[in-house]
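Okay, structure first, notes after.
Numbered from 1 within each chain, the chains take letters A, B, ... in sequence-line order.
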There are 2 protein chains.
Amino acid sequence: MANIREIAKEAGVSVATVSRVLNGHPYVKEEKRNAVWEAVEKLNYTKNINAVHLAKGKTSIIGVVLPYLNHPYFATVLEGISKEALRHRYHLLVFQTNYDVEKELEALEMMRMKQVDGLIICSHVADWGVIGEYKQDGPIVLCEDVRDQDFLSVYIDHYEAFTKALRYLIQKGHRHIGYCIGRTTGANSKARQAAYYDTLRQIGVEPRKEWIFDRCLYMEDGKRVIHEWMSLPEKPSALLVSSDQVAAGIVLWGKKEGVKIPADLAIVSFDNHPISEPLQITTIELPLALMGKKAFRLIYHYIETGNIARKTEKLSVRFIERSSV
Amino acid sequence: MANIREIAKEAGVSVATVSRVLNGHPYVKEEKRNAVWEAVEKLNYTKNINAVHLAKGKTSIIGVVLPYLNHPYFATVLEGISKEALRHRYHLLVFQTNYDVEKELEALEMMRMKQVDGLIICSHVADWGVIGEYKQDGPIVLCEDVRDQDFLSVYIDHYEAFTKALRYLIQKGHRHIGYCIGRTTGANSKARQAAYYDTLRQIGVEPRKEWIFDRCLYMEDGKRVIHEWMSLPEKPSALLVSSDQVAAGIVLWGKKEGVKIPADLAIVSFDNHPISEPLQITTIELPLALMGKKAFRLIYHYIETGNIARKTEKLSVRFIERSSV
DNA sequence: TATTGCGTTGAAACGCGTTTCATACATTAT
DNA sequence: ATAATGTATGAAACGCGTTTCAACGCAATA
């Protein structure tokens, strides 16, 4: 495969001139410009982008760290990042971690090795301290509420959203409220947990551990939840559900078991995924694609200008009242 | 940032020795090995992976070309690819195309520029001829039935699957059968179309254009379809639906409109996505994650060994009978 | 003793595009 | 006419890890 020096020889110019032509720089005579393009054509030349990356010290690739790819939450965030990256001619390297710290560290190492110019972390398990050590190697944007930490972030205030949903349920007369969560660790989950404990305590209700359903990610988990719920000696009358997928599972499988929504069990969930509409699930819309888009913009702005326009951005949610409460 | 020459100086050895140590090659005295690691530690050295890519002429990155990231079909294929890539310490660069030829070409160009070692194309719009020109630049694996073309591929025989589903409907007494499709172009879609026309002709039924619903990808499209279906003067009694998402939309929105499944409208769809189970949708399970996994293996085997073990692989589907027919 | 061979090492070439710096000529301003 | 700008172009350095090749030492075989 031809390289830039062969092109220079063929076109009778220097490699510097070839580089100028290839990159559209000014100060090249029309004839030389043509000669270069002809040589490129004739020798069927293409740049070796790895040489470009090495020479420039950057790759125009952003790494995206997320646990799962086939989960609507992360797929939507990723889509948001991707669309914006496309607009700016950036590429995306995906690091699917399955919440394995090793994989997260690998992504961070990749930034250190200059494989990627920056990292968007959608969700993680590694300690802040560990992640923080890599800030010197490139920009890191978190899609989580990290206000107390020194990181760039775009986030949804899950404490607020969860509190809002809880108050709504309380106002509707519910006192026995449980919730479903994807995992117990993680900033978002902890914020939700805190909102749950704080709000229930405020109304003088003691939170119950058996009303908290962990590892709720997919629709199938909703099936598990409703069955567990049915077997409870004392049942909560309302459930706050981590995602519409899980809520749909609860509603659909509940229906098969004769559970009446909202009479037997009221549901408020999150996302406003298309499935929530026909099922009439009251949900809190999360701007996931927007979060991805903004995360990219944050990192892009930093890379291109070298300074930080805004450090964190809080996105607002939208309450969509339907008839599952 | 320190480079390998500085490490060599610090450790009092040559760069070749440093490289040997870093890559775990044999024939280095224990003491030199230690000296190198100490220097690495002391200078906080990390490889510049772009230099590695340039020197080696490969990146251990596979490009994945797909139209959408937040669609269960592609997200699942991608997850399958990703899991297998992870096992082999390969990385994935995603090219979301939105079915834009330009973006597909960009992915192909990226392989030519050695950004990626190979390409897995999950779905595409570019001509075979155009894609074929890039075969010299690296392995390309298609996740479509391309038996008549000279490409590596892992595919689901949609003609067979569609025919199977049609025969099932016919055997159940249906004569007026329509279908939903993601798009009209593309190998998979054409195979389905051919199966539709062939099978209906075999039983002497004239296919009707107004019973073919195009652009069916997401759940919302199911809403559109059921409304269009209701407004038809002559309605098909059965619908073959491109995906469980769309089928779920049809079933759920149909229910709101009082459409009885299967009395008014029978449904057979594809994927066996978790949602099809509680909705009791008869579906044909597509091994999407497996397809991704096998696609990666094909490309991986070619890259590592330089020869082709098998050119194409057909994956079998599983018919799951429920009560939507 | 001579020869073969394996372990160990380093110099140098290689992969390849970008960018800086110096140089040379053509203009425009003074 | 002279200084000051601007246009045009190439040599060489730079980014940095990998790999080949020659060479040296020492042990084992002939």
Side-chain angles (χ1 to χ4, degrees), chain A residues 1-37 39-40 43-61 89 109-117 137-138, chain B residues 1-37 39-40 43-61 89 109-117 137-138:
Chain A
M1 182 47 97
N3 61 34
I4 201 173
R5 279 159 236 272
E6 288 178 51
I7 299 298
K9 194 180 291 174
E10 177 71 27
V13 298
S14 71
V15 294
T17 299
V18 176
S19 180
R20 284 188 193 101
V21 173
L22 260 30
N23 295 299
H25 291 167
Y27 304 144
V28 181
K29 278 263 173 66
E30 191 64 18
E31 31 184 307
K32 301 222 175 195
R33 198 176 288 278
N34 294 147
V36 168
W37 283 122
V40 166
L43 301 182
N44 191 25
Y45 168 79
T46 313
K47 275 186 194 178
N48 180 325
I49 208 155
N50 296 131
V52 178
H53 291 338
L54 175 59
K56 288 206 168 156
K58 64 166 290 204
T59 59
S60 295
I61 298 175
R89 323 211 89 237
E109 277 301 323
M110 279 304 174
M111 180 160 74
R112 168 167 268 194
M113 294 197 224
K114 296 177 188 297
Q115 165 82 268
V116 296
D117 294 343
D137 300 305
Chain B
M1 181 49 97
N3 61 34
I4 201 174
R5 279 160 236 271
E6 288 179 51
I7 300 299
K9 193 180 292 174
E10 177 71 27
V13 299
S14 70
V15 294
T17 298
V18 177
S19 181
R20 284 189 194 100
V21 174
L22 259 29
N23 295 299
H25 292 167
Y27 305 145
V28 180
K29 277 264 171 65
E30 192 63 19
E31 32 185 306
K32 302 223 173 195
R33 198 175 288 278
N34 293 148
V36 168
W37 283 122
V40 165
L43 301 182
N44 191 26
Y45 168 79
T46 313
K47 276 187 193 176
N48 180 326
I49 208 155
N50 295 132
V52 178
H53 291 339
L54 175 60
K56 288 208 169 155
K58 65 166 290 203
T59 58
S60 296
I61 299 176
R89 324 211 90 236
E109 278 300 323
M110 279 305 174
M111 180 160 73
R112 166 167 270 198
M113 295 197 227
K114 298 176 186 298
Q115 164 82 266
V116 297
D117 294 344
D137 300 305

Treat primed atoms plus P, OP1 and OP2 as sugar-phosphate and everything else as base, then score nucleotides 13-21 of chain D 5' to 3': B for base contact with protein heavy atoms under 4.0 Å, S for sugar-phosphate contact only, - for none. --BBBBBB-
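The minimum heavy-atom distance linking K114(B) with N50(A) is given by the pair O-OD1, 2.9 Å. Between D117(B) and T59(B), the closest heavy-atom pair is OD1-N, 2.9 Å. Of all the heavy atoms in L43(A) and E6(A), the pair that sits closest is CD1-O, 4.0 Å. Pairing each heavy atom of R20(B) with each of V28(B), the nearest pair is CB-CG2, 3.8 Å.
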Could you write out each protein N or O paired with an N or O of nucleotides 22-26 of chain D at a distance under 3.5 Å?
none

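An OP1 or OP2 oxygen of dA11(D) is reached within less than 4.0 angstrom by no side-chain nitrogen or oxygen of S14(A). Residue Y27(B) has a polar side-chain atom (N or O) positioned under 4.0 Å from OP1 or OP2 of dG7(C).
Taking 4.5 Å as the limit, some side-chain heavy atom of N44(B) sits within range of a side-chain heavy atom of R112(A).
Judged by distance alone, with hydrogens and angles left aside, the side-chain atoms of N3(B) form a donor-acceptor pair with the main-chain N or O of R5(B) at under 3.5 Å.
Straight-line distance from the CD atom of E30(A) to the P atom of dT7(D): 16 Å, rounded to whole Å.
Donor-acceptor pairing under 3.5 Å is recorded for the side chains of N23(B) and K47(B).
Dense packing is recorded around NZ of K58(B), with more than 12 heavy atoms of other residues, nucleotides or ligands lying under 6.0 Å away.
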